[in-house]
Colleague: 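What follows is a single structure, and I will ask about it in a moment.
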Amino acid sequence: MSTPHNRAEKGDFAKTVLMPGDPLRAKFIAETFLENPRLVTDVRGMLGYTGTYQGRPISVMGSGMGMPSIGIYSYELYTQYGVENIIRIGSAGSYTEKAKLFDVVLAAGAYSESNYAVTQSGDTDDIQKPSAELNAALKASAAAQGLPVIEGNIHSADVFYREPSDEKPAYWERLRDEKGCLAVEMESFALFHNAKVLGKRAACLLTISDSFVSPEITTAEQRQTSFTSMMKIALGAEAYLEK
């Protein structure tokens with residue numbers, strides 16, 4: 001049952017998987033929030049765990065950085081391990097004063113210049129959408145816990161380090177103003193596309209870790225262990241999917 005990227009066996013993953021980029025964040029979530037967590041895969045250091053949360057089975061696994069990486073792991077989870085729901089929980093850089101450091105953003109859509117979707121299936125849509133049902137469950141979870149979320153489009157970028165440009169307005173200002181992008185990350189476009197192609201559900205929660213409009217920035221340790229509001233919202237969503 002194992003794949004070149006995952007040593008888990010059939011039945012090792014729950015129907016819902018939380019997917020941070022950082023495998024150490026997956027380890028932190030499993031050890032902090034899950035009851036009886038067990039390591040089910042560690043191929044290439046990409047840690048995956050399964051346990052229970054409030055009596056419900058749930059898994060958490062790292063995705064790595066970028067669309068090719070999450071594209072591989074999410075596709076295998078959906079097709080080889082019977083996973084139905086993947087909730088990306090990641091960090092993002094804000095494009096607007098509306099989304100401040102440590103705010104939680106729920107993606108309504110992921111815009112990208114990437115050719116992931118067109119290469120994978122011929123899909124030319126430059127905005128990929130999450131599952132409406134999964135987003136509704138996440139909003140219900142957030143409301144029940146009194147945790148605010150900001151909903152809007154995000155930018156899934158292929159490039160982290162861009163060469164300097166004097167172009168005005170800047171690329172990120174155009175994406176904010178023309179595409180409604182609140183923040184930037186690097187994975188959700190591919191995740192949403194895989195879910196659409198395979199008839200599965202995907203969603204994305206992001207915590208603002210830095211900003212294009214202000215100088216604040218979080219540390220690597222904060223990104224690994226301090227984004228707990230996002231984690232709690234994602235963990236609680238399963239209860240609302242059952243209703």
Side-chain angles (χ1 to χ4, degrees), residues 3-6 17-23 43-44 46 61-81 83-96 99 105-132 134-135 151-206 208-210 212:
T3 75
H5 317 100
N6 196 321
V17 177
L18 275 54
M19 188 161 265
D22 183 355
V43 176
R44 299 182 180 224
M46 198 57 67
M61 180 181 175
S63 72
M65 290 187 289
M67 284 179 260
S69 187
I70 198 171
I72 290 170
Y73 289 115
S74 63
Y75 196 92
E76 290 185 350
L77 288 174
Y78 284 140
T79 61
Q80 303 298 313
Y81 292 101
V83 171
E84 295 294 329
N85 312 296
I86 296 178
I87 304 171
R88 166 162 157 69
I89 47 174
S91 57
S94 176
Y95 283 167
T96 172
V105 172
L106 175 63
Y111 166 80
S112 187
E113 316 93 332
S114 171
N115 63 3
Y116 182 92
V118 71
T119 301
Q120 205 269 358
S121 72
D123 185 345
T124 58
D125 289 343
D126 63 4
I127 295 181
Q128 298 290 317
K129 296 287 188 179
S131 158
L134 198 47
N135 268 20
E151 190 172 6
N153 284 348
I154 59 171
H155 174 208
S156 293
D158 265 339
V159 177
F160 189 88
Y161 295 109
R162 288 183 182 243
E163 289 300 297
S165 171
D166 294 328
E167 182 183 19
K168 298 294 182 182
Y171 75 91
W172 61 269
E173 292 173 314
R174 287 188 286 104
L175 290 175
R176 178 193 63 198
D177 298 340
E178 296 174 11
K179 299 293 186 179
C181 295
L182 299 177
V184 59
E185 50 89 70
M186 302 187 73
E187 289 84 24
S188 294
F189 182 86
L191 173 63
F192 293 172
H193 177 71
N194 277 357
K196 177 169 71 173
V197 167
L198 298 170
K200 304 286 187 172
R201 292 188 290 249
C204 173
L205 283 172
L206 300 167
I208 299 300
S209 60
D210 57 275
F212 284 69

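Atoms considered below: every heavy atom in the structure, side chains included; atoms not considered: hydrogens, waters and symmetry mates.
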Colleague: So which atom in Ala108 and which in Lys129 form the shortest heavy-atom distance, rounded to 0.1 Å?
Modeller: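 Heavy-atom minimum between the residues: O-CD, 3.5 Å.
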Colleague: In this structure, are over 12 heavy atoms from other groups packed under 6.0 Å from Arg174 atom CZ?
Modeller: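 Counting neighbours around CZ of Arg174, more than 12 heavy atoms of other residues, nucleotides or ligands fall under 6.0 Å, so yes.
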Colleague: Checking the side chain of Asn135 only, and the main-chain atoms of Ala203 only, is there a donor and an acceptor separated by less than 3.5 Å?
Modeller: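 Side chain of Asn135 to backbone of Ala203, a donor-acceptor pair under 3.5 Å: no, none is there.
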Colleague: Check whether the side chains of Tyr116 and Asn194 place a donor and an acceptor atom closer than 3.5 Å, and report yes or no.
Modeller: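 Their side chains do contain a donor-acceptor pair, which is all the 3.5 Å distance test asks for.
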Colleague: Quick one: closest heavy-atom pair of Pro4 and Val43, and the distance?
Modeller: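 Nearest heavy atoms, Pro4 then Val43: O-CG1, 3.7 Å.
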Colleague: Quick one: do Glu167 and Arg162 make a salt bridge, cutoff under 4.0 Å?
Modeller: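 No.
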Colleague: Does Ala99 offer a backbone N or O that forms a donor-acceptor pair with the side chain of Thr96 under 3.5 Å?
Modeller: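 Looks like no, no N/O pair under 3.5 Å.
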Colleague: Please identify which of these residues, Gln128, His155, Glu178, meets the side-chain contact (heavy atoms from CB on, under 4.5 Å) condition with Tyr111.
Modeller: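 That would be His155; it is the only one of Gln128, His155, Glu178 passing the side-chain contact (heavy atoms from CB on, under 4.5 Å) with Tyr111.
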Colleague: What's the separation between atom CD1 in Ile127 and atom SG in Cys181, rounded to the nearest 0.5 Å?
Modeller: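 Taking CD1 in Ile127 and SG in Cys181, the distance rounds to 7.0 Å.
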Colleague: I need the Arg44 CZ to Ile72 CD1 distance, nearest 0.5 Å.
Modeller: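 Going from CZ on Arg44 over to CD1 on Ile72, the span is 7.5 Å.
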Colleague: For residues Asp125 and Lys196, report the shortest heavy-atom separation together with the two atoms involved.
Modeller: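 Heavy atoms of Asp125 and Lys196 come nearest at OD2-NZ, 3.8 Å.
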Colleague: How long is the straight-line distance from CG of Leu198 back to OG1 of Thr79, given to the nearest 0.5 Å?
Modeller: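 Here the rounded value is 6.5 Å.
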Colleague: Could you pull out the closest heavy-atom pair between Asp210 and Ile208, with the gap in Å?
Modeller: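 For Asp210 and Ile208, the tightest heavy-atom pair comes out as O-CG2, 3.3 Å.
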Colleague: How many angstroms lie between CZ in Phe192 and CD1 in Ile70, if you round to the nearest 0.5 Å?
Modeller: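 Phe192 CZ to Ile70 CD1: 9.0 Å, rounded to 0.5 Å.
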Colleague: So how far is it from Arg88 CZ to Ser188 OG, rounded to the nearest 0.5 Å?
Modeller: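 Going from the CZ atom of Arg88 to the OG atom of Ser188 covers 5.0 Å.
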Colleague: Looking at side-chain heavy atoms only, is the closest gap between Val184 and Phe212 below 4.5 Å?
Modeller: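 Yes, their side chains come closer than 4.5 Å.
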Colleague: If we ignore hydrogens and angles and just use 3.5 Å, is the side chain of Asp158 paired with the main-chain N or O of Glu113 as donor and acceptor?
Modeller: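 No, because the side chain of Asp158 does not come within donor-acceptor range (under 3.5 Å) of the backbone of Glu113.
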Colleague: Can you find a heavy atom in the side chain of Asn6 that is under 4.5 Å from one in the side chain of Leu77?
Modeller: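 Yes, their side chains come closer than 4.5 Å.
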Colleague: Would you name the heavy atoms of Ser91 and Glu185 that are closest together and state the gap between them?
Modeller: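 Closest approach of Ser91 to Glu185: O-CB, 3.7 Å.
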Colleague: Is it true that a side-chain atom of Asn85 and a backbone atom of Arg201 form a donor plus acceptor pair closer than 3.5 Å?
Modeller: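 The answer is no, because no donor-acceptor pair under 3.5 Å joins these two groups.
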Colleague: Is any side-chain heavy atom of Thr124 closer than 4.5 Å to one of Val118?
Modeller: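 With C-beta onward as the side chain, the pair touches.
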Colleague: Has Ser156 got a side-chain atom pairing as donor or acceptor with Ser112's backbone, closer than 3.5 angstrom?
Modeller: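 No; judged by distance alone, with no hydrogens or angles, the pair does not exist.
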Colleague: What are the two closest non-hydrogen atoms of Tyr78 and Val83, and how far apart are they?
Modeller: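 Between these two residues, the closest heavy atoms are CD2-O, 3.3 Å.
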Colleague: Once rounded to the nearest 0.5 Å, what's the spacing between atom OH of Tyr73 and atom CG of Leu191?
Modeller: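 If we round to the nearest 0.5 Å, Tyr73:OH and Leu191:CG are 14.5 Å apart.
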Colleague: Counting heavy atoms not belonging to Met65, are there more than 12 under 6.0 Å from its CE?
Modeller: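 No, not enclosed.
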Colleague: Taking Ala183's backbone N and O only, do any of them form a donor-acceptor pair with Ser94's side chain (distance below 3.5 Å, no angle check)?
Modeller: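 Pair absent, no side-chain N/O of Ser94 close to backbone of Ala183.
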Colleague: Is Glu187 reaching over with its side chain to a backbone N or O of Met67, donor-acceptor style, under 3.5 angstrom?
Modeller: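 A pair under 3.5 Å: no.
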